[in-house]
Amino acid sequence: MNGSKSSIMRVPDITNSPKVMENMKLLKEIPLGEMLIDRFQNQFDVITANDIPAVTAMRKEAMNHFISNGFPSSSDEKWRHTEIESLTEENFQYYLKPLDSEQDIEDLFKCEVHDFDTEIISLLNGWYVNKHAGLTTLPNGIVYGSLTNAMKLYPELFEQYYGNLADIQVNGFVSVNTAMVQDGVFIYIPDGVYAEKTIQIIKLIDKKEQLFVQNRNLIILGKNSSFSLMHCDDSINHFSSLINTVTEVYVGENAHFNLYKLQNLNNQSGLINSTFIHQEANSTTKSNTLTFNGGMIRNNINIDLQGENAHADVLGLYLMDKNQHVDNQIYIKHNAAHCTSNEKFKGILDDEASAVFNGYIYVARNAQKTNAYQNNNNILLTPKATINSMPFLEIYADDVKCSHGATIGQLDQEAMFYMRQRGISSSNARLLLMYAFTAEIINQISIEALRKRIDDMVKKRLRGELSVCEKCVLHCGSPDKEYHFEIDMSKI
Amino acid sequence: MLLNIKNLHVSINGKEIIKGLNLGVNKGEVHAIMGPNGTGKSTLAAAITGREGYEITQGEIWYKNKNIIGMPAEERANEGIFLSFQYPVEIPGVSMTNFMRTALNAQREYHELPAIPAGEFLKLMEEKKNLVEIHSKLNNRSVNEGFSGGEKKKNEIFQMAMLQPSLAILDETDSGLDIDALKVVAKGVTGLRSEENAFIVITHYQRLLDYIVPDFVHVLFDGKIVKSGGKNLALELEEKGYEWIKEQYHAGS
Ligand SMILES: Nc1ncnc2c1ncn2[C@@H]1O[C@H](COP(=O)(O)OP(=O)(O)O)[C@@H](O)[C@H]1O
Ligand SMILES: [Mg+2]
């Protein structure tokens, strides 16, 4: 609880009918939290226009929580190394309606990826780009579309699933998202369906002002289903934005979920990405968080292993430079016996970049035969780059295997000299070593076409050539622009 | 003269290790450098190859008529100086193929040649692998990772065969090798040996010199070459050990 925050935020009576704001510009001079509370009170009807009653009730509760707690600050233990105030005390614009794009939407999302056939879902400045009104139903029964549309069409699913995983107590970002979010993505994979195509969510921020954007995603995988999701966060201009995304995923019994998160935002932007995954018995999740650019990125990944024999691989790679900051908070809850979890995050930090890794493993009393592995490896290229790596284990069962490890090092100087003695320039030797370091994570990407693209991006990034792409990040790898690395990395 | 070292002094962390060393190597010659542990043999190799941390406080190293002091290690390598490391380095995640191709292409680029075509490169790899009797596939193996001691040494000779240096320094490549592996190393050297290049063979033992017959044998002691001779000096050292050299040295100084 933050005293200074709650003192400036009075508890409003949200049942009052909202006032209409005559002039949005009046809001410009106040910090984000206050602006949002004010907006909630005054535009309650707009925010709740498409709600089912259960969701409206949830919003009220979440807003009350937000009013009393506000955004987290670096005096909170879990935010100690991520100075989020630098963003939350900024002035942002927040829109309650989709904006007209300043560019041609079709052109923005032209994202042909050679050999990688995906269903593309586009969100522009936080809003579902409604190419086809309503929801899309694929021949195999998969349904996807705008969250708002889905709520109207499947109220019973929302009553059952929505908001159950994303605990508003976690932090102010989750509560304010629950309170005010208006759009996002809904995906439903029926029982027994094996989704051949990956669904790709492309989120672009393209607005010539400071924007606060919220999204909410609900993903449900039925029993014995299988599904891969790719989630790209990009910005296409250099205005600062703050994106607050909450994603809830239900992975049914014996279902298999693959999640790829690609983060490539400009250095002025912030991203708070909270993912809550619930796993039933015999299910598997493989999450891969790839952070290439971004001013301040916070990934909260919460996984509840609720059924026996569930397995979660939580992998990540971060390549940061300049003043970039990334904070990965992984919370894995073993609530059933015979589950395994495997966390591995690797990072390279250059210049004055900083990173936080916080891996928390909780093993409940009945979660016997748990196997939980956690590892975080870092290379610091300069003395000014920093990493805070903290493992936490909270174990109540007695028959468990848990291990954790963290390494922080520089590039191996012996290896550097060895390569240079063979004629390899020091810059290429560095690249080879850095690339080798990342390979362990990249090689885990099971979709080959995607692995190649990511591989290209990593090479580009390591050479300092990947800043923020003009378009979708994957565009870098389209055949006509095939990227050639000076060092041919292909195995021949 | 291919290599001409004049009055070389090398310090590590302020401690002088090489204390006024002179050595001249002509094309076509094989020089053996022998001497007890810790006398500066590897330090000499490091100084010639341009390793950081080895401070040259005095003297000159002339190679192909250029004083190479201050020249970056990769440039020396591309000019044809090769070191077979006493302790080859493991580089997890960097495949042998990739490493070798990068090195070869770096050298070619340095000499303004186009990159080697993939097919040609593969053929060359096979040829040189056979030469040093490496039977395992190198493609998917990381540089030296999980290699046995003998494999690592063979791998050094393999790289030498790939890169065709003008001056090859073999730092105890024979240590810990069985007789078969030793023959392989010798074969690699004999295969490369020509009127155009030279070898400096650092060793403790006479036995490698049975296969690679040196033109000169030098004894390095206390950072200096204290005795030089023909191939018979190696036999004498094998027989009598280093004590008499030490005695001579201390008596003289
Ligand atoms: N990196 C180093 N730091 C400090 N001392 C070193 C280092 N490398 C070698 N030395 C010292 O330099 C001396 C010569 O070592 P070295 O050249 O390896 O000998 P040799 O190869 O003849 O056995 C030894 O006393 C050794 O301890
Ligand atoms: Mg030595």
Side-chain angles (χ1 to χ4, degrees), chain A residues 315 317 319 344 346-348 375 377-379 405 407 409-445 451-452 454-456 458-459 461-463 482 484-492, chain B residues 45-46 48-54 72-85 87-111 115-116 118-119 121-122 125 137 139-145 156 159-160 162-163 165 169:
Chain A
L315 310 171
L317 177 67
L319 308 173
K344 187 154 190 91
K346 296 185 99 171
I348 302 178
N375 207 340
N377 309 117
N378 299 279
I379 291 180
T407 61
Q410 284 78 42
L411 288 178
D412 181 353
Q413 290 306 308
E414 294 283 318
M416 281 291 292
F417 179 71
Y418 190 77
M419 289 195 269
R420 291 177 60 213
Q421 210 301 303
R422 299 309 187 235
I424 300 171
S425 67
S426 37
S427 58
N428 277 347
R430 272 164 70 99
L431 276 176
L432 275 171
L433 287 182
M434 290 192 286
Y435 179 74
F437 178 80
T438 64
E440 192 182 0
I441 302 296
I442 302 304
N443 289 342
Q444 294 277 334
I445 298 172
R451 186 174 60 244
K452 282 190 184 161
I454 303 277
D455 198 66
D456 268 356
V458 168
K459 289 172 198 163
R461 181 69 183 100
L462 293 177
R463 290 174 63 105
E482 189 94 62
H484 290 289
F485 202 36
E486 200 171 288
I487 299 172
D488 189 345
M489 297 296 186
S490 60
K491 292 197 182 85
I492 53 170
Chain B
I48 299 172
T49 51
R51 187 167 191 154
E52 279 91 1
Y54 291 72
E74 54 268 40
E75 204 175 319
R76 299 184 199 204
N78 287 324
E79 283 287 352
I81 298 178
F82 179 91
L83 173 64
S84 167
F85 284 67
Y87 305 108
V89 183
E90 298 192 6
I91 315 178
V94 177
S95 78
M96 262 313 291
T97 314
N98 202 357
F99 169 67
M100 223 45 255
R101 187 143 85 158
T102 308
L104 200 62
N105 282 334
Q107 195 187 63
R108 291 174 67 102
E109 194 187 326
Y110 184 83
H111 295 287
I116 187 167
F121 174 75
L122 283 180
M125 286 273 285
K137 280 195 171 155
N139 312 20
N140 300 320
R141 293 185 72 177
S142 294
V143 178
N144 291 320
E145 194 186 33
E156 295 294 292
Q159 293 172 44
M160 181 183 80
M162 289 290 291
L163 296 168
I169 305 163

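Each chain gets a letter, A, B and so on, in the order its sequence line appears, and its residues count up from 1. Please read all numbers here as calculations on a predicted model, not as lab measurements.
- Atom CD of B:Glu109 and atom OG of A:Ser425 lie 8.5 Å apart (nearest 0.5 Å).
- In this structure, chain A has a heavy atom under 4.5 Å from the side chain of B:Asn144, while its backbone stays farther away.
- Taking chain A as the reference chain and counting heavy-atom pairs below 4.5 Å, the highest number among B:Asn78, B:Leu83, B:Leu104 is found for B:Leu83.
- Nearest approach of B:Ala77 to A:Gly423, heavy atoms of both residues: CB-N, 3.4 Å.
- Residue B:Glu90 holds its CD atom at 10.0 Å from OH of A:Tyr418, rounded to the nearest 0.5 Å.
- Taking both residues in full, the closest heavy atoms of B:Val94 and A:Leu432 are given as CG2-O, 3.7 Å, listed atom of the first, atom of the second, then distance.
- In this structure, chain A has no heavy atom under 4.5 Å from any part of B:Arg76.
- In this structure, the portions of A:Ser426 lying under 4.5 Å from any heavy atom of chain B include both its backbone and its side chain.
- Using a 4.5 Å cut-off between heavy atoms, B:Leu163 contacts chain A through its side chain alone, with no backbone atom that close.
- Both the backbone and the side chain of B:Pro72 come within contact range of chain A, judged by heavy atoms closer than 4.5 Å.
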### Message
The test is side-chain contact (heavy atoms from CB on, under 4.5 Å); show your working for B:Phe99 and A:Ile424 and say whether it passes.
### Response
CA-CA 9 Å; B:Phe99 169 67; A:Ile424 300 171; 3.8 Å; yes

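- Each of B:Gln107, B:Glu75, B:Arg51 has some count of heavy-atom pairs under 4.5 Å with chain A, and the biggest count is that of B:Arg51.
- The two residues B:Ala73 and A:Phe417 have their closest heavy-atom pair at CB-CE1, 3.8 Å.
- Looking only at side-chain heavy atoms (C-beta outward), B:Glu52 and A:Met416 stay at 4.5 Å or farther from each other.
- For the pair B:Thr49 and A:Gln421, the tightest heavy-atom approach, listed with the atom from each and the gap, is CG2-NE2, 3.6 Å.
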### Task
Under the side-chain contact (heavy atoms from CB on, under 4.5 Å) rule, what do B:Ile91 and A:Met419 come out as? Steps first, then yes or no, please.
CA-CA 9 Å; B:Ile91 315 178; A:Met419 289 195 269; 3.8 Å; yes

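- When heavy atoms are compared at a cutoff of 4.5 Å, A:Ala415 approaches chain B by way of both its backbone and its side chain.
- Distance check, rounded to the nearest 0.5 Å: CZ of B:Phe85 to CZ of A:Arg422 gives 5.5 Å.
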